[in-house]
Amino acid sequence: MRLLVVEDELNIATAMEKILKKDGYAVDVALTGREAEDLMVINEYDLILLDIRLPDTDGFTILSKLREVSETVRVIIVSANREIDDRIKGLDLGANDYIVKPFDVQELRARIRALLRRNFVVKPNIIKIEEMEIDLTSHRVSYQNRELILTMKEYSILVYLAENKGKSISAEELYNHIWNEDSNPFTSVMRVHIYSLRKKLSNVTGRDDIITNVKGLGYSLNLD
Ligand code: CA
């Protein structure tokens, strides 16, 4: 899952980036509205954390423009405590949720998880497909109760494929949702992660076909 943090206060932006990267998200940061708009044109985000008061523009303008092109990207307004009108206006403009500064880190993480949960029915924060369980809070993955020890990138790939179960995900889409702006733009890097993820999956399941790659279509998760 790829997230954009739009926040002009560098210390808050950096703290958010650090926390969210720890949760396995690919995170980009925009310190101005201009930067945010540029990044949103280039990249496809799953969720955007949007500060309202920005030096060059405001979050409402960004949100309105964004909603003209995308109804699916999740947006959380991040507003100062006193600005209740901002939150109402933000929700009216199509934000999915809001959080008040100073926010509690656990609350922020939970709100993001809640918004990103989709397309599958689960116990809260557990994706269960056949005999595989992915715990989105602790990042533990198991198959028939045997734990898989995954790197953060392997974990992120698996979660993205699990959340898009039944669909083929192109290398480009996968790359777009798992890696952030600073990373090396080579899909060969991704193939290495997929190779090692497949190997680990094969070790616990005895199957080599959990992640299939259909030429021209992309990767998909196959646990049936
Ligand atoms: Ca601000």
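These values consider heavy atoms only, across backbone and side chains, with no hydrogens, waters or symmetry-generated copies.
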Practice task
Look up atom CG in L197 and atom OH in Y219, then write down how far apart they are to the nearest 0.5 Å.
Solution key: 11.0 Å

Fill in the blank from the handout: Rounded to the nearest 0.5 angstrom, the NZ-OG distance for K199 and S196 is 8.5 Å

Handout entry: Verdict with supporting geometry, L158 and E154, side chain to side chain contact (heavy atoms under 4.5 Å, CB included)
Key = CA-CA 6 Å; L158 184 64; E154 292 161 1; over 6 Å; no

Exercise for the section: Would you indicate whether K21, at its atom NZ, is surrounded by more than 12 heavy atoms from other residues, nucleotides or ligands within a distance under 6.0 Å? Expected result: yes

Exercise for the section: Please round to the nearest 0.5 Å and tell me the distance separating atom CG of L108 and atom CZ of R113. Expected result: 10.0 Å

Practice task
Without swapping roles, check the side chain of R53 against the backbone of D51 for a donor-acceptor pair under 3.5 Å.
Solution key: no

Exercise for the section: To the nearest 0.5 angstrom, please state how far the CG atom of L20 sits from the CG atom of L47. Expected result: 9.0 Å

Handout entry: Whether over 12 other heavy atoms sit under 6.0 Å from D104 CG
Key = yes

Problem - Which residues share a salt bridge (charged side-chain N to carboxylate O under 4.0 Å, His left out) with E35, sequence neighbours left out - result: none

Handout entry: Note, I194 side chain near V192 side chain (heavy atom, < 4.5 Å)
Key = no

Exercise for the section: Kindly say whether T32 contributes a backbone atom to a donor-acceptor pair with the side chain of D8 at under 3.5 angstrom? Expected result: no

Exercise for the section: Taking D56 for its side chain and R34 for its backbone only, find out whether a donor-acceptor pair lies under 3.5 Å. Expected result: yes

Practice task
Look at the side chain of D58 and the backbone N and O of F60, then say whether any donor-acceptor pair between them is shorter than 3.5 Å.
Solution key: yes

Practice task
Output yes when E7 and K101 qualify as a salt bridge under the 4.0 Å nitrogen-oxygen rule, no when they do not.
Solution key: yes

Practice task
Assess the side chains of S202 and D208: does a donor N or O sit below 3.5 Å from an acceptor N or O?
Solution key: yes

Problem - Worked verdict on R2 versus D28 for side chain to side chain contact (heavy atoms under 4.5 Å, CB included) - result: CA-CA 8 Å; R2 187 161 182 173; D28 295 321; 2.9 Å; yes

Practice task
Give a yes or no answer on whether the side chain of K165 reaches the backbone of K167 with a donor-acceptor pair at less than 3.5 Å.
Solution key: no

Exercise for the section: Answer yes or no: is there a donor N or O on one side and an acceptor on the other, between the side chain of R67 and the main chain of G94, under 3.5 Å? Expected result: yes

Exercise for the section: State, with a plain yes or no, whether a side-chain heavy atom of M1 is found less than 4.5 Å away from one of S156. Expected result: no

Problem - Gap separating the OG atom of S168 from the CG atom of L221, nearest 0.5 angstrom - result: 11.0 Å

Practice task
Could you tell me whether the side chains of Y143 and E133 share a donor-acceptor contact shorter than 3.5 Å?
Solution key: no

Practice task
Please confirm whether the backbone N or O of I112 pairs with a side-chain atom of R109, one donor and one acceptor, at under 3.5 Å?
Solution key: no

Handout entry: Pair N43, Y45: side-chain N/O donor-acceptor within cut-off below 3.5 Å
Key = yes

Exercise for the section: Check whether any side-chain N or O of Q144 sits under 3.5 Å from a backbone N or O of R146 as a donor-acceptor pair, and report yes or no. Expected result: no

Handout entry: Counterpart residues, salt bridge (charged side-chain N to carboxylate O under 4.0 Å, His left out), relative to E107 (two or more places apart)
Key = R111

Exercise for the section: Using atom types as modelled and distance alone, determine if a side-chain donor or acceptor of T61 lies under 3.5 Å from a backbone N or O of T57. Expected result: no

Problem - Sidechain-backbone polar pair: S70 side chain, L66 backbone, donor-acceptor under 3.5 Å - result: no

Problem - Crowding at CG, L91 (>12 non-hydrogen neighbours, <6.0 Å) - result: yes

Problem - Nearest-0.5 Å distance, CG of residue L3 to CG of residue D23 - result: 9.5 Å

